[in-house]
Amino acid sequence: MSATVSLLHTGYLGGAVASTVGFIRDGSRLIVTDPGMVRDRALILDPLRALGVRPQDVTDVVFSHHHPDHTLNAALFPAARFHDHWAIYHGDVWEDRDAEGFELSPSVRLIRTPGHTPQDITTLADTADGLVAFTHLWTTATSAGDPYATDLDALHAGRERVLALAALVVPGHGPAFTPTAATPR
């Protein structure tokens with residue numbers, strides 16, 4: 001089975017900031033990535049509703065990292081398991097696990113991709129059109145570096161790793177892009 005992906009909200013940077021919020025459907029798994037800052041929560045909930053998904057139906061939420069612009073609206077999904085770099089949180093249960101290689105479903109897994117923060121992870125979704133990477137290794141398709149990165153060497157190594165796998169990249173604050181030879185490494 002292959003996952004399907006949608007963008008619920010395309011993020012941006014500038015005078016204001018919003019995260020790119022993704023949605024992945026893989027069988028019974030309904031996964032939201034980086035439900036962070038947006039101008040209005042309806043910008044997340046309305047596209048989700050258009051896909052036939054209620055907030056309480058979302059099974060999993062993945063945080064690429066713990067900055068508020070990527071986590072602020074997590075509470076919109078009351079039944080979800082929450083995933084970060086080292087654990088799964090559900091209700092009052094904290095289950096330790098390493099994100100590297102963790103499978104949320106048959107077609108969705110997590111990998112460690114530090115750089116922006118030491119705890120960054122990328123969500124990989126196998127789709128009929130190829131592998132899609134939801135990641136903060138790029139803020140936008142053209143971001144050569146990251147002025148807020150904690151480790152630029154790790155960031156660039158993570159980019160190489162993801163580019164070796166992904167047919168489509170969903171960056172932290174911009175529209176999805178197809179990697180090319182011109183994609184910043």
Side-chain angles (χ1 to χ4, degrees), residues 1-14 16-85 87-93 95 99 102-111 113 120-141 162 166-178:
M1 177 182 286
S2 289
T4 59
V5 301
S6 303
L7 291 187
L8 301 177
H9 182 264
T10 300
Y12 47 84
L13 293 168
V17 62
S19 64
T20 297
V21 183
F23 177 71
I24 306 165
R25 183 187 306 261
D26 190 25
S28 63
R29 289 287 176 206
L30 305 174
I31 304 162
V32 172
T33 63
D34 282 348
M37 292 172 62
V38 293
R39 183 179 39 79
D40 186 306
R41 290 181 177 127
L43 295 170
I44 296 172
L45 297 175
D46 289 351
L48 193 63
R49 194 171 298 110
L51 294 169
V53 178
R54 300 173 307 164
Q56 61 268 32
D57 297 334
V58 171
T59 60
D60 298 86
V61 172
V62 180
F63 304 129
S64 63
H65 61 293
H66 281 279
H67 290 164
D69 56 325
H70 294 271
T71 62
L72 192 63
N73 285 300
L76 293 174
F77 309 104
R81 300 182 311 166
F82 296 89
H83 302 265
D84 69 4
H85 68 105
I88 302 168
Y89 314 93
H90 190 243
D92 64 351
V93 176
E95 178 186 341
F102 181 78
E103 293 184 1
L104 279 79
S105 69
S107 299
V108 181
R109 68 186 185 282
L110 306 175
I111 61 171
T113 51
D120 272 47
I121 61 174
T122 293
T123 304
L124 301 175
D126 286 311
T127 72
D129 296 322
L131 189 77
V132 179
F134 294 82
T135 187
H136 202 286
L137 289 165
W138 293 266
T139 51
T140 68
V162 167
L168 186 71
V169 173
V170 180
H173 297 279
F177 65 91
T178 301

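A quick note: this is a predicted structure, and the numbers were derived from the prediction, not measured.
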Determine, stepwise, if the pair His83 / Val61 fulfils side chain to side chain contact (heavy atoms under 4.5 Å, CB included).
-> CA-CA 6 Å; His83 302 265; Val61 172; over 6 Å; no
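- A distance-only check finds no donor-acceptor pair linking the side chain of Asn73 to the backbone of Leu76 [under 3.5 Å].
- Side chains of Asp26 and Ser105: a donor-acceptor N/O pair is present below 3.5 angstrom, by distance only.
- Within the structure, the salt bridge (charged side-chain N to carboxylate O under 4.0 Å, His left out) test picks out the following pairs touching residues 67-83 (sequence neighbours left out): Asp60-Arg81.
- We find that Arg54 and Asp57 are joined by a salt bridge, their nearest charged nitrogen and carboxylate oxygen being less than 4.0 Å apart.
- At a threshold of 4.5 Å between non-hydrogen side-chain atoms, the residues Phe23 and Ile31 do not count as touching.
- Leu168 has its side chain out of reach of Phe177: every pair of non-hydrogen atoms, C-beta onward, lies at least 4.5 Å apart.
- Of all non-hydrogen atoms in Ser2 and Ala128, the two that sit nearest each other are CB-N, 3.7 Å.
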Take Leu124 and Val132 through the side chain to side chain contact (heavy atoms under 4.5 Å, CB included) test and state the conclusion after the steps.
-> CA-CA 6 Å; Leu124 301 175; Val132 179; over 6 Å; no
Walk me through it: do Asp120 and His85 pass the test side chain to side chain donor-acceptor pair (under 3.5 Å)?
-> CA-CA 7 Å; Asp120 272 47; His85 68 105; over 6 Å; no
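- In terms of heavy-atom proximity, Val17 sits nearest to Met37 at CG1-CE, 3.8 Å.
- Leu30 contributes atom CG, which lies 5.5 Å from atom CZ of Arg25 (distance to the nearest 0.5 angstrom).
- Residues Pro35 and Phe63 form a side-chain contact, since some pair of their non-hydrogen atoms from C-beta on lies under 4.5 Å apart.
- Each of Asp126, Leu131, Thr127 was compared with Ser107 under the side chain to side chain contact (heavy atoms under 4.5 Å, CB included) criterion, and only Asp126 meets it.
- To the nearest 0.5 Å, the span separating CG on Leu43 from NE2 on His9 amounts to 4.5 Å.
- Looking at every heavy atom in both residues, Ser19 comes nearest to His70 through CB-ND1, 3.6 Å.
- Side chain of Asp34 to main chain of Gly36: no donor-acceptor pair is present (N/O by atom type, distance under 3.5 Å, no hydrogens or angles).
- Expressed to the nearest 0.5 Å, how far OG1 of Thr122 lies from NE2 of His65 amounts to 11.0 Å.
- Between the OG atom in Ser64 and the CD1 atom in Ile121 there is a gap of 7.5 Å [rounded to 0.5 Å].
- With Thr33 as reference, Ile24 is the one residue of Ile24, Val21, Thr135 to meet the side chain to side chain contact (heavy atoms under 4.5 Å, CB included) rule.
- Taking all atoms of both residues into account, the shortest heavy-atom contact from Ala141 to Pro171 is N-CG, 4.5 Å.
- The distance from the CG atom of Leu104 to the OG1 atom of Thr123 is 7.0 Å, given to the nearest 0.5 Å.
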Give the C-alpha distance, both sets of side-chain angles, the deciding distance and a yes or no for ring-ring contact (aromatic ring centres under 6.0 Å, His included) between His173 and His136.
-> CA-CA 8 Å; His173 297 279; His136 202 286; 5.2 Å; yes
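- Side-chain N or O atoms of His90 include none that pairs as donor or acceptor with a backbone N or O of Phe82 at under 3.5 Å.
- Take Leu7 and apply the side-chain contact (heavy atoms from CB on, under 4.5 Å) test, not counting sequence neighbours, and it matches Thr10, Thr20, Phe134, Val170, Ala176.
- With a 4.5 Å cut-off on side-chain heavy atoms, Trp138 and Val169 count as touching.
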